[in-house]
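The structure appears below as structure tokens.
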2 protein chains.
Amino acid sequence: MATIYQVSELAGVSLATVSRVMNNNVRVSEATRNKVLQAMEQLGYRPNSIAQSLASSRSNSIGILVSELHGPFYGEMLTGIEAEFRAAGKHVIIAAGHSERATEEDGIDFLRSRNCDALILHVEAVSDQFLVDLSKKETPFVLLNRQVPALADRCISLDNELGGYLATRHLLEQGHRNIAYIAGPMWKADARDRFHGHQRALTEYQLSADDALFFEGDFRETGGSKGLDALLASSRPFSAIVCANDEMASGALTAARELGYEVPADFSVMGFDNVNFAYYTYPKLSTINYPVSAMGQMAARWVLKQVYQQSSIDVQQIFNPHLIPRDSVAAATVT
Amino acid sequence: MATIYQVSELAGVSLATVSRVMNNNVRVSEATRNKVLQAMEQLGYRPNSIAQSLASSRSNSIGILVSELHGPFYGEMLTGIEAEFRAAGKHVIIAAGHSERATEEDGIDFLRSRNCDALILHVEAVSDQFLVDLSKKETPFVLLNRQVPALADRCISLDNELGGYLATRHLLEQGHRNIAYIAGPMWKADARDRFHGHQRALTEYQLSADDALFFEGDFRETGGSKGLDALLASSRPFSAIVCANDEMASGALTAARELGYEVPADFSVMGFDNVNFAYYTYPKLSTINYPVSAMGQMAARWVLKQVYQQSSIDVQQIFNPHLIPRDSVAAATVT
DNA sequence: TAGTATTATGTAAGCGCTTTCATTTATAGC
DNA sequence: GCTATAAATGAAAGCGCTTACATAATACTA
């Protein structure tokens with residue numbers, strides 16, 4: 001592999017000049033620039049990014065920590081992030097945190113040790129305090145889908161409360177009054193926020209959440225099927241179920257079918273997230289859109305702006321969800 | 001950030017000694033090792049991986065190029081790869097190729113310029129020749145889900161032909177004789193291989209593929225729905241459809257329902273890949289298992305063995321698919 | 001045309017490590 | 001106790017770049 005030195009020799013200039021044309025910041029005369037470019041071409045020169053990083057103390061790499069690499073959700077997020085950075089010539093290092101405190105902390109450590117210029121974190125299990133402490137260290141980071149009051153300027157998140165509200169309001173508008181709720185793990189902030197939105201919608205209709213119609217699931221399909229079982233076992237009547245995400249809604253749909261119920265004839269089901277398979281369930285799932293790819297992209301832009309000084313970039317920190325009505329919700333039959 | 005120099009000073013030894021204890025390869029006396037370790041601890045020292053890379057000309061990073069970051073398939077693959085490398089202290093840089101020749105070549109270039117020690121490529125659009133040429137350059141790579149004869153020792157792939165065979169044989173065993181086929185894009189090798197397997201199974205039953213019952217799809221849901229339309233339009237009778245992947249099978253299922261058909265009562269549907277949503281379709285999709293996570297992991301092991309000299313590792317290059325019978329296939333009604 | 005301001009290029013000191021080679025110190029053999 | 005050998009440590013030269021700072025070349029002013 002050719003080095004900058006050989007290029008400088010061939011072009012008959014100094015190292016510094018070659019470096020300058022590479023980083024075309026300082027003025028170099030057209031004549032020498034061409035000589036250098038030509039020498040590079042001729043040698044098939046490619047700068048050594050490691051050496052560049054060491055000398056400039058900038059690695060041009062961004063660490064991304066997500067809970068999982070698979071699943072319908074994170075893939076979209078990574079897509080948004082990668083596309084943005086790739087266009088900017090930065091590269092993306094990934095790690096999975098598996099929603100466990102130790103693994104998440106470990107992942108952050110791993111990424112930091114890789115000299116990332118910045119981190120994009122989708123963490124669920126580490127404490128706010130841990131993040132606040134982390135913010136005092138040198139590596140800057142943004143948080144995706146998490147609100148830490150002390151770190152508000154680095155949070156990019158969805159208004160989950162609004163989403164929960166919209167889901168339930170949709171059902172209320174369709175005439176439903178006995179609405180069950182299958183929540184996510186309540187230690188997760190987004191699960192709580194969505195539930196709060198649900199409560200707010202109920203309150204607007206002078207209703208309140210019925211404990212017997214509440215089930216705390218795990219954000220996975222099994223949570224939905226178990227939730228449905230539990231709800232049915234409570235023998236409390238309901239005509240609709242709000243699920244805190246699409247996976248659980250899908251689980252509920254499958255379980256309902258296996259138990260001989262028909263959705264939405266027997267009861268309606270709402271999802272949340274609008275992951276791509278929501279369109280392929282039967283019936284097609286009514287849900288709340290989570291613009292996850294756009295949010296991933298925005299996190300990338302935050303980094304470009306804050307860390308790489310691309311000041312012209314605008315960053316939006318709060319995203320609003322919206323309703324996607326499909327076939328799993330029907331009007332309540334008059335009682 | 002503390003440097004190795006400060007550690008050496010605090011410990012009262014030379015740089016070289018500190019470096020030795022970090023890479024604990026050369027013998028260092030217990031006494032000095034402890035002094036150094038203690039100094040590191042005290043300073044909260046973390047080696048600068050960039051500097052390590054430059055000095056050792058080894059970046060400990062592996063570039064991964066996949067077609068997409070989202071979708072049920074690649075996520076699984078990345079999970080398998082990341083887990084394996086993370087445990088080995090290597091990190092993973094990702095890029096998307098979007099199944100387009102230019103983007104794939106560009107992505108490879110990008111990864112190479114990042115000084116990756118090795119590449120794991122899931123490429124579909126670049127030519128065999130391009131890969132052969134690439135193999136002559138310094139960066140080693142493995143190919144996932146692709147067979148290039150000249151590069152057989154670096155290919156990790158599924159026996160797609162066998163998978164296609166198993167899918168169709170399953171249908172034949174259930175008594176089906178008029179079997180339609182919705183293929184993937186036939187310029188992709190895996191699509192072709194699966195189809196060849198299909199043909200082989202037919203041949204074993206003294207049947208042959210009927211052109212009127214063949215449709216070339218795009219591996220996406222729309223391919224499945226369009227395929228079903230086309231098949232129906234041909235007015236050739238069939239009692240089963242083999243789809244070359246689960247997405248298309250899911251599309252066919254949805255389209256069938258919308259057209260008033262019932263699966264598997266009116267006709268059976270086979271998928272391929274066993275992506276996770278195959279379990280959540282209605283009816284649950286009978287399919288062929290593609291051990292994609294295991295294969296990703298194996299690609300990582302190939303790298304560990306070939307590039308990082310972990311010679312004790314065993315690598316399996318060809319994986320066998322197997323049948324997952326579920327609810328979308330039923331026995332043919334006697335004619 | 002000298003004097004000054006600009007612009008273009010070169011010199012050389014790092015960036016924080018690894019690694020070869022030389023040197024010192026410990027261990028063993030007699 | 002003295003040499004031969006092995007084990008532990010140190011000195012120093014890079015790895016391939018970036019970036020002050022210094023210097024040379026050119027343009028501009030009066």
Side-chain angles (χ1 to χ4, degrees), chain A residues 1-40 43-61 89 112-117 138-139 308-309, chain B residues 1-40 43-61 89 112-117 138-139 308-309:
Chain A
M1 210 60 229
T3 74
I4 196 178
Y5 179 73
Q6 311 182 39
V7 174
S8 77
E9 223 175 13
L10 214 189
V13 299
S14 74
L15 293 188
T17 303
V18 177
S19 176
R20 284 187 190 105
V21 351
M22 293 201 320
N23 304 290
N24 58 246
N25 37 11
V26 190
R27 289 150 305 202
V28 178
S29 77
E30 268 312 299
T32 42
R33 152 166 283 117
N34 285 142
K35 269 194 306 190
V36 170
L37 255 20
Q38 205 176 315
M40 285 177 168
L43 292 169
Y45 170 76
R46 319 174 51 130
N48 178 324
S49 63
I50 300 280
Q52 287 179 313
S53 296
L54 183 59
S56 63
S57 54
R58 169 143 293 183
S59 68
N60 287 313
S61 67
R112 290 210 311 133
S113 79
R114 269 17 246 216
N115 293 73
C116 292
D117 291 338
E138 64 284 31
T139 316
Y308 297 110
Q309 275 80 278
Chain B
M1 209 61 230
T3 73
I4 196 178
Y5 179 73
Q6 311 182 40
V7 174
S8 77
E9 221 174 14
L10 213 190
V13 298
S14 74
L15 294 187
T17 303
V18 178
S19 176
R20 285 187 188 105
V21 351
M22 294 201 318
N23 304 290
N24 57 246
N25 38 12
V26 189
R27 290 149 305 202
V28 178
S29 75
E30 268 314 298
T32 42
R33 152 165 283 117
N34 286 141
K35 269 194 306 189
V36 172
L37 256 18
Q38 206 175 314
M40 285 179 169
L43 292 170
Y45 171 76
R46 318 173 52 131
N48 178 324
S49 62
I50 300 280
Q52 287 179 311
S53 296
L54 183 60
S56 63
S57 53
R58 168 143 295 182
S59 67
N60 287 312
S61 68
R112 290 211 310 133
S113 79
R114 266 22 242 213
N115 293 73
C116 292
D117 291 339
E138 63 282 32
T139 314
Y308 297 110
Q309 275 78 274

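Here is the naming used below: chain letters follow the sequence lines, and residue numbers restart at 1 for every chain. All values below come from the heavy atoms of this structure, side chains included, with hydrogens, waters and symmetry mates left out. Because the structure is a prediction, the values reported are computed rather than measured.
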Does Ser57(B) reach a base, just sugar-phosphate, or nothing at all? Heavy atoms under 4.0 Å. nothing
Nearest to the Ser19(B) side chain among dT19(C), dT18(D), dG16(D), which nucleotide is it? dT19(C)
Verify the contact: side-chain N or O of Tyr45(B) to OP1 or OP2 of dC17(C), cut-off strictly under 4.0 Å; return yes or no. yes
Selected nucleotide, minimal atom distance to Asn48(B) side chain, candidates dA11(D), dG16(C), dG16(D): dG16(C)
Using a heavy-atom cut-off of 4.0 Å across all strands, would you classify Ser53(A) as base, sugar-phosphate, or nothing? nothing
Using only side-chain N and O atoms of Thr17(A), determine if any of them is under 4.0 Å from OP1 or OP2 of dT9(C). no
Please compare Leu54(B) and Ala16(B) by the position of their nearest nucleotide in DNA chain C and report the one closer to 5'. Leu54(B)
Between the base of dG16(C) and the side chain of Arg46(B), is there a donor-acceptor distance below 3.5 Å? no
Results of side-chain hydrogen bond (donor to acceptor under 3.5 Å, both in side chains) for Ser59(A) - residues two or more places apart only: Ser61(A), Asp117(A)
Answer with base, sugar-phosphate or nothing: what part of the nucleic acid does Val13(A) contact at a heavy-atom distance below 4.0 Å? sugar-phosphate
So if I take every side-chain heavy atom of Ser14(B) and compare against dA8(D), dC17(C), dA11(D), which nucleotide ends up nearest? dA11(D)
Which of the following nucleotides, dC17(D), dC17(C), dC21(D), is nearest to the side chain of Met22(B)? dC17(C)
When you measure from the side-chain N and O atoms of Ser49(B) to the phosphate of dC17(C), is any distance below 4.0 Å, counting only OP1 and OP2? no
Check every strand shown and say whether Thr3(B) touches a base, only sugar-phosphate, or nothing at a heavy-atom separation below 4.0 Å. sugar-phosphate
Can you tell me if the side-chain N/O atoms of Gln52(B) get under 4.0 Å from OP1 or OP2 in dT18(C)? yes
Could you work out which one of dG16(C), dG16(D), dT9(D) sits closest to the side chain of Ala55(B)? dG16(C)
